[in-house]
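Only one structure is covered here, and it is reproduced in the block below.
Nothing here was measured: the structure is a model prediction, and the numbers come from that model.
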Amino acid sequence: MRQIMIKLIAILAIASFSLVAAQDPAEPKCGVCMEGNEVLCSSETSYYFCFNGETYGEEEECTGDTVCTNGDAICVARTELSDTVKNLCADGGPGGCGSCGNGAKYTCVSKTQAGRCINGDIASVISCKDDEICIADIESGSVCVPQCAADYLKKSPTCSGDAQYTTPTPAPVTTPSPDDRNRICIAASEGVTALFFYAYADASCKSAVYCQRNSVSSNDWKSLYRTCSAPTPYFDTRLKSCVATKPTNCPVATTTTTTATTTTTAATTTTAATTTTTASQQPNEPEESPSAP
C-alpha cells in the first residue's frame, strides 16, 4: 500500500510540474516552457529541453559567462543580451538558494528547509517533513517535495551542503532618548513654521519622531517615537504612516571630508585642516496645518 501511495504522489507531482511548465507559453518566463526555443530556464545558468510544453531529459548547464535566455541559441553571453533576448532568471527566478527573486512566496534555505518570502526578504523558516527535500523551482505548490517525486523528476535539492539555515539575529533597536528626540525636532524645525510635524529619526526611514511645540519660537518640544515593521517597514513623513516602500524624501546620510594644507617656511612648518560637512536633506516635510499623530 505504501509503495502505491509513493508512486501516486510521484505521478501527481510530475503532472503538476508539467502543467506549470506549459502555462502561459506566449510570455517568456523563468521556469516556464517557451514556444520560441522550446526550453525551460530552471535557473540563470541551467535549463531543460521541452516538447509539447513538457520538459524532458537531464538538466543542461550553460557554459562560460552565458545565461539562459529566450533566444534561439538558449545560452547567450551577458554582453549580447537585448530587449528581445533576455536573461529570464536574472532576479534569481524561482530556483536560487535563499533567493526571494521574481516575487516568489517561498524559497529554499537548505536541503530540507523552506523560507517564507515577504517583500523580497526571508521572513520565516519552515522545516520540510522527514521524507521531503526543498526544490525552489518545482513550482507545483509546496517547495517541500517527497524524495520519491524528486527522483522521478530527476530534481536535486536547490541548496547544496548539509548545514541548516539559522535565522539572522537582528541588530538591537536603539530608541532615541528624550534629548535625542529634542535635537531631531530642533534640527528639523529650521525654516519651518508648522507647530506639528514628523521628522525622520535616521537615514533608514524606518522610524520617525513626532514633534510638537506651542509656538514657532519655542524649543520646548513634546515628542513621540514611532517605528515600523514588515510588511510596511518604512515611515513616510508626508503620509504620516508606515508604508511598504522607502519614501523618496528620505534624508541622505551626512558625510564629512577633511582636507589638510601644509605651509613650510625656513623656520616652521604649519598644517591646517579644513573640514567640510555635507548635511543630510531636510528630514521632514511638515504639514501646513496642525495634525495629531
Review point. So, do Thr69 and Ile74 sit near enough that their side-chain heavy atoms are less than 4.5 Å apart?
Key: no

Review point. Can you tell me how far the CD atom of Gln212 sits from the OG atom of Ser218, to the nearest 0.5 Å?
Key: 10.5 Å

Point to revise | Heavy-atom side-chain contact between Gln147 and Glu132 under 4.5 Å | key: no

Check your understanding: Does the side chain of Val143 come within less than 4.5 Å of Thr107's, by heavy atoms?
Key -> no

Point to revise | Separation between SG of Cys117 and NZ of Lys105, rounded to the nearest 0.5 Å | key: 11.0 Å

**Study point:** Euclidean distance, Ser82 OG relative to Asn87 CG, rounded to 0.5 Å
**Key:** 11.5 Å

Practice item. For the pair Asn214 (side chain) and Asp220 (backbone), establish whether a donor and an acceptor sit closer than 3.5 Å, ignoring hydrogens and angles. Key: no

Check your understanding: Would you call the rings of Trp221 and Phe197 parallel, tilted or perpendicular if under 30° counts as parallel and over 60° as perpendicular?
Key -> perpendicular

Exercise for review: May I ask you to check whether the SG atoms of Cys205 and Cys250 are separated by less than 2.5 Å?
Suggested key: yes

Study note, to complete from the structure: All heavy atoms of Thr232 vs all of Cys228, minimum pair found to be O-CB, 3.3 Å

Check your understanding: Asn70 side chain to Asn37 main-chain N or O, any donor-acceptor pair under 3.5 Å?
Key -> no

Check your understanding: Is the distance between the SG atoms of Cys134 and Cys144 less than 2.5 Å?
Key -> no

Check your understanding: Are there more than 12 heavy atoms of other residues, nucleotides or ligands under 6.0 Å from atom CG of Asn219?
Key -> yes

Practice item. Carefully, step by step, assess Val216 and Leu195 under the rule side chain to side chain contact (heavy atoms under 4.5 Å, CB included). Key: CA-CA 7 Å; Val216 175; Leu195 302 181; 4.1 Å; yes

Review point. Hey, does the side chain of Arg78 reach the backbone of Leu81 with a donor-acceptor pair shorter than 3.5 angstrom?
Key: no

Review point. Does the pair Tyr48 and Val39 meet the rule for a side chain to side chain contact (heavy atoms under 4.5 Å, CB included), with working shown?
Key: CA-CA 6 Å; Tyr48 286 93; Val39 300; over 6 Å; no

Review point. Does Asp180 reach the main-chain N or O of Ser177 with its side chain, forming a donor-acceptor pair under 3.5 Å?
Key: yes

Point to revise | Non-hydrogen side-chain atoms of Lys155 and Val145 separated by less than 4.5 Å | key: no

Exercise for review: Without swapping roles, check the side chain of Arg181 against the backbone of Ala201 for a donor-acceptor pair under 3.5 Å.
Suggested key: no

Check your understanding: In Å, rounded to the nearest 0.5 Å, how long is the span from CD1 of Ile133 to OG of Ser110?
Key -> 11.0 Å

Check your understanding: Hey, does the side chain of Tyr200 reach the backbone of Thr237 with a donor-acceptor pair shorter than 3.5 angstrom?
Key -> yes

Check your understanding: SG to SG, are Cys68 and Cys41 under 2.5 angstrom apart?
Key -> yes

Check your understanding: Under a 4.5 Å cut-off applied to non-hydrogen side-chain atoms, are Leu40 and Tyr47 in contact?
Key -> no

Practice item. Taking the side chain as every heavy atom from C-beta outward, state whether Lys86 and Thr84 have any pair of such atoms under 4.5 Å apart. Key: no

Point to revise | Evaluation steps, side chain to side chain contact (heavy atoms under 4.5 Å, CB included), between Arg116 and Ile122 | key: CA-CA 6 Å; Arg116 180 70 167 95; Ile122 298 172; over 6 Å; no

Practice item. Go through the steps to decide whether Glu61 and Ser46 satisfy the test side chain to side chain contact (heavy atoms under 4.5 Å, CB included), and finish with yes or no. Key: CA-CA 4 Å; Glu61 294 290 333; Ser46 60; 3.5 Å; yes

Check your understanding: Can a salt bridge be assigned to the pair Arg238 and Asp236 using a cut-off of 4.0 Å between side-chain N and carboxylate O?
Key -> yes

Check your understanding: Does the Ser189 side chain pair with the main chain of Cys185, one donor and one acceptor, at a distance under 3.5 Å?
Key -> yes

**Study point:** Among Tyr210, Tyr198, Tyr225, the one residue meeting ring pair (Phe, Tyr, Trp, His ring centres under 6.0 Å) with Phe235
**Key:** Tyr198

